[in-house]
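Everything below concerns the one structure shown next.
Every chain is numbered from 1, with letters handed out A, B, ... down the list of sequences.
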Amino acid sequence: MKQGSGLASRAMAAAGEARSARYMAGLNPPQREAVETLEGAVLMLAGAGTGKTRALTARIAHMLATGTARSNEILAVTFTNKAAREMKLRLGGLLGEQVEGMPWLGTFHAIGVKLLRRHAELVGLKPSFTILDTDDQLRLIKQVLSAFNLDEKRWPPRAMAGLIDSWKNRAWRPDTVPASEAHAFDNRGTEIYAAYQERLKTLNAVDFGDLLLHPVTIFQANPDVLAQYHRWLRFILVDEYQDTNVAQYLFLRLLAQGHGNICCVGDDDQSIYGWRGAEVGNILRFERDFPGAAVIRLEQNYRSTPHILAAAGAVIAANQGRLGKTLWTELPEGEKLRLIGHWDGEEEARWVGDEIEALERGTRLGEPVSRNAIAILVRAGHQMRAFEDRFLTIGLPYRVIGGPRFYERQEIRDAMAYFRLAVSPADDLAFERVVNVPRRGIGDKALQTVQRAAREAGVPLMQGAALALRDGLMKGKAAGGLRGFIEEAARWHEAVRAGVNHVELAGRMLDESGYTAMWQAERTPEAEGRLENLKELLKALEEFDNLQGFLEHVALIMDNESEDAAEKVTLMTLHAAKGLEFPVVFLPGWEDGLFPSQRSMDENGLKGLEEERRLAYVGITRAERLCVISFAANRRVFGQWQSQLPSRFIDELPEDHVEVLTPPGLYGGGYGAAAPRHGGARGAGRTHVGDEVIEGEVVTDSGLEARAARADVYASPGWRRLQAHSRQVAGAGVVPRPATPQAPGGAGVVFQPGERVMHQRFGLGTVHAVDGDKLAVAFDRVGEKHIIARFLTSAEGIDDVPF
DNA sequence: GCTAGGTTAATTTTT
DNA sequence: TTAACCTAGC
């Protein structure tokens, strides 16, 4: 491109001046290079904690300061609103107050909306289209599916929603879904997808996927439009490039085509969203996609100690096909990682609670550690319960990150539906949502009548309802309720048009509709909370000029980042922790099947395992000073006790950087499985046999001595069996059945007469007779029973385990 | 139209 | 084990 040379000289002329600029201060050489390499394609490979955002914002500041680009010529995309907000904030800090808004800085979706509003008609929409959230989307899919007469059990709407999402992630439109997908959803997948898109068009609505897909379609089908943007948006920056999906990739590639000035920032080792369409391949392929691209590695880490970096590096090294980075730091060595095994998940939670209290007292890191500095990162949400229970009992304040977002809550969605209806009475989804909330006596049948009337007349539901009333199709309670609803809605709509203050109107709607009263009537703590949320919603409204503006933004922007000043420990998933850092990080539940997740491995094989490993990498690199990894030998999964094996990732931890708090013998693998000692094993705390809980000598002290005493438990023959055998089979128990030849018919486990077995309810027993999969077993406590084999687990050699 | 009781399924999540 | 969701019965 011609502009190149002029650009370069301009940039160079300004360079000397820029070097002394405030935003350059303290940047290390690679960061500086990333800031100054403005032309062409640049891949900034930024490891965890290497000052990525800093470099990125400095780069923008540099472009603006040197006159390379004006603020409206830079497209800067992020994935989350939080990241976009932070970038704006930091830019403001660098440039002083004169950051004339960067109009093209935002999330993929926010930018997608902006483009789509301008060019809606090119994909058959009106510029006023509404954005459906996941909930609306699902309800719409249900409606569409009902026309296809599929068994809801076998073909759940959720699955269809997931399918459509994944297709949109890959930028497939109904007419471009490849033939290889034809079998999907009972061979009707594409048909249903097409019908769904039709419905969206009639409703003048889009879902989240469309916010990317439509712009891509527009660019592909309208070269003139694309060319305009090539002229306007001369520089592109992308954050978290390893998380982009195919649609986002196409979007970026189309926009970069003209000038090739695209700078992508990311870390292939932190790609953890493959399951929702992210393609690590995008970042791995970057140099092929953009020949001549400069690849700049940010490897100096400013966050973690050498021990932590070494451990993380060793784990991630097991992955194939990485771009490769080696993080280093100038920080002092600090503490080794700590590794400890526990008997079960409850003990693990108890121990973590004790450790946190020790940290607070200052007996772990030499100085007291604030609760805010501590995080517990789990693989799956259900792991949080054990910690919450424990923290509640010991009165340790904690906060859970994740969970339903503010705008996803029922009351907020209901209220929003009222607002939507006031703004556009033709919003059918909003109509359906609240026509009977609060109860107005309009049930399924009444609603069907309205829908039929609307369909026949080809009008929105609101008008259809009026027609149905006029024609006397409604009767009794439904007629009265519907009439009242229509009249109210008409009044509100009139008020919107008359320009009545929107905050006042919103409050009035919630009151007049009886919505507030509905929750007040409940008088439960939960309802109180909902009323609080509604108040908060009204407060949020004040920041907008009108309802339309609010609705426009709320679907994309609103989140529940409630600033919480209180001192609390943080509890969240590993996924949610990406991008965050904490002085002290606990990583519990490192057990094969849980982490790495069995499902991930089953469904995606090596790819799945590698993504899990990246998750481990993300987890470890969240820690600044101390990282504590733990696992449990037994865990209750869906109500059943399962024995667990330590995670294979534990074997990948480098011994030199890990302090093992549990004695050897607890795990096989790389941690020197020293000869286990026999005997005694008192002080076992609590152990479980089937449903039973036996109180032993309860260990309250979390000190090492107590745990050392407990080592004998782990060294027992039963424990060695745990080590030797693979995971528990269905049917539970304490000891897994070794993999033996399958019985014909498949139920699985083969037992021999005389063999010792364990049953959930009946405890230990001896097999008397075997008849196919039916066994006669003499139980020690309850005598002889006839039992199906799959309810039994082998208990050979378990008798001397001190249960 | 509403409620209670049974059935089922159960990583990760942003927009 | 549990929680959400659906069905059947009032």
Side-chain angles (χ1 to χ4, degrees), chain A residues 77-84 106-113 131-138 142 152-153 156-159 162 165 168-169 206-213 240 243-245 247-248 271-278 345 377-386 389 401-405 407-408 410 436-447 476-478 481 553-560 572-579 589 593-604 608 611-612 614-616 618-619 635-642 691 732:
Chain A
V77 269
T78 65
F79 273 85
T80 63
N81 291 310
K82 199 175 156 201
T107 63
F108 274 104
H109 296 265
I111 285 162
V113 177
I131 302 162
L132 304 188
D133 58 29
T134 334
D135 202 51
D136 289 328
Q137 185 194 17
L138 192 64
K142 271 186 194 155
E152 270 216 16
K153 284 267 155 52
R158 261 176 205 294
D165 252 9
K168 287 186 176 178
N169 283 160
V206 298
D207 63 19
F208 285 126
D210 288 336
L211 294 180
L212 279 159
L213 185 53
E240 306 279 16
D243 287 339
T244 49
N245 60 36
Q248 288 157 340
S271 165
I272 55 174
Y273 285 109
W275 49 273
R276 71 178 195 212
L377 312 181
V378 296
R379 175 62 181 87
H382 63 76
Q383 287 172 264
M384 291 186 188
R385 178 172 298 147
D389 285 352
I401 309 283
R405 264 138 241 298
Y407 63 83
E408 278 173 359
Q410 187 191 339
N436 200 31
V437 181
R439 307 257 119 94
R440 295 187 178 90
I442 301 152
D444 278 350
K445 251 184 90 198
L447 189 56
K477 238 198 301 182
H553 277 273
V554 80
L556 296 173
I557 305 284
M558 225 161 103
D559 50 32
N560 57 342
M572 64 178 137
T573 63
L574 286 162
H575 283 92
K578 193 170 77 147
L594 180 59
F595 187 45
S597 134
Q598 192 60 48
R599 193 154 158 192
S600 180
M601 293 187 290
D602 289 349
E603 289 175 6
N604 300 304
E611 183 155 312
E612 295 286 305
R614 290 193 290 266
L615 207 43
V618 167
R635 201 171 280 281
R636 199 160 41 178
V637 182
F638 310 140
Q640 304 254 291
W641 283 97
Q642 279 201 345
D691 295 329

Could you tell me whether [X] contacts a base, only the sugar-phosphate backbone, or nothing, with contacts defined as non-hydrogen atoms closer than 4.0 Å?
| X | value |
| --- | --- |
| I442(A) | sugar-phosphate |
| E408(A) | base |
| G381(A) | sugar-phosphate |
| E612(A) | base |
| S597(A) | base |

Could you check whether any side-chain heavy atom of [X] comes within less than 4.5 Å of a side-chain heavy atom of [Y], counting everything from C-beta outward?
| X | Y | result |
| --- | --- | --- |
| I442(A) | K477(A) | no |
| T107(A) | F79(A) | no |
| D243(A) | K578(A) | yes |

Pairwise 5' ranking along DNA chain B for K445(A) and H575(A), keeping only the more 5' one: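 Checking each residue's closest nucleotide, the 5'-ward one belongs to K445(A).
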
Residue whose nearest DNA chain B nucleotide is more 5′ - G441(A) or L574(A):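 With L574(A) and G441(A) compared, the 5'-side residue is G441(A).
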
Looking at every heavy atom in both G608(A) and S600(A), which two are closest together, and how far apart are they?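 That would be O-OG, 3.3 Å.
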
Figure out the [atom1]/[atom2] separation between [X] and [N], and round it to whole Å.
| X | N | atom1 | atom2 | answer |
| --- | --- | --- | --- | --- |
| R635(A) | dT11(B) | CZ | P | 14 Å |
| F208(A) | dT14(B) | CZ | P | 11 Å |
| M601(A) | dT11(B) | CE | P | 14 Å |
| M572(A) | dT14(B) | CE | C1' | 16 Å |
| K82(A) | dT15(B) | NZ | C1' | 15 Å |
| K168(A) | dT15(B) | NZ | C1' | 13 Å |
| E240(A) | dT13(B) | CD | C1' | 14 Å |
| D133(A) | dT13(B) | CG | P | 18 Å |

Does N81(A) have a side-chain nitrogen or oxygen under 4.0 Å from the phosphate oxygens OP1 or OP2 of dT14(B)?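 N81(A) to dT14(B) OP1/OP2: no side-chain N or O under 4.0 Å.
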
Using only side-chain N and O atoms of T134(A), determine if any of them is under 4.0 Å from OP1 or OP2 of dT15(B). no

Taking salt bridge (Lys or Arg N to Asp or Glu O under 4.0 Å) as the test, write out the residues that go with D135(A), two or more places apart. R413(A), R433(A)

Determine the interatomic distance between C1' on dT12(B) and the same-named atom on dC5(C); round to the nearest Å.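 Pairwise C1' distance, dT12(B) against dC5(C), rounds to 22 Å.
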
The side-chain contact (heavy atoms from CB on, under 4.5 Å) partners of R158(A) (sequence neighbours excluded) come to L138(A)

Could you write nucleotides 1-7 of chain C as a row of B, S and -, 5' to 3', where a protein heavy atom under 4.0 Å of any base atom gives B, of only sugar-phosphate atoms gives S, and otherwise -? BSS----

Can you check whether W275(A) stacks with the dT12(B) base, using ring centres under 5.5 Å and planes within 30°?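 Yes, aromatic ring over the base.
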
With no hydrogens and no angle check, is any side-chain donor or acceptor of R614(A) less than 3.5 Å from a backbone partner on S271(A)?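 Yes.
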
Flag, side chain of D210(A) to backbone of D207(A), donor-acceptor distance under 3.5 Å: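 Here the side-chain-to-backbone pair exists.
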
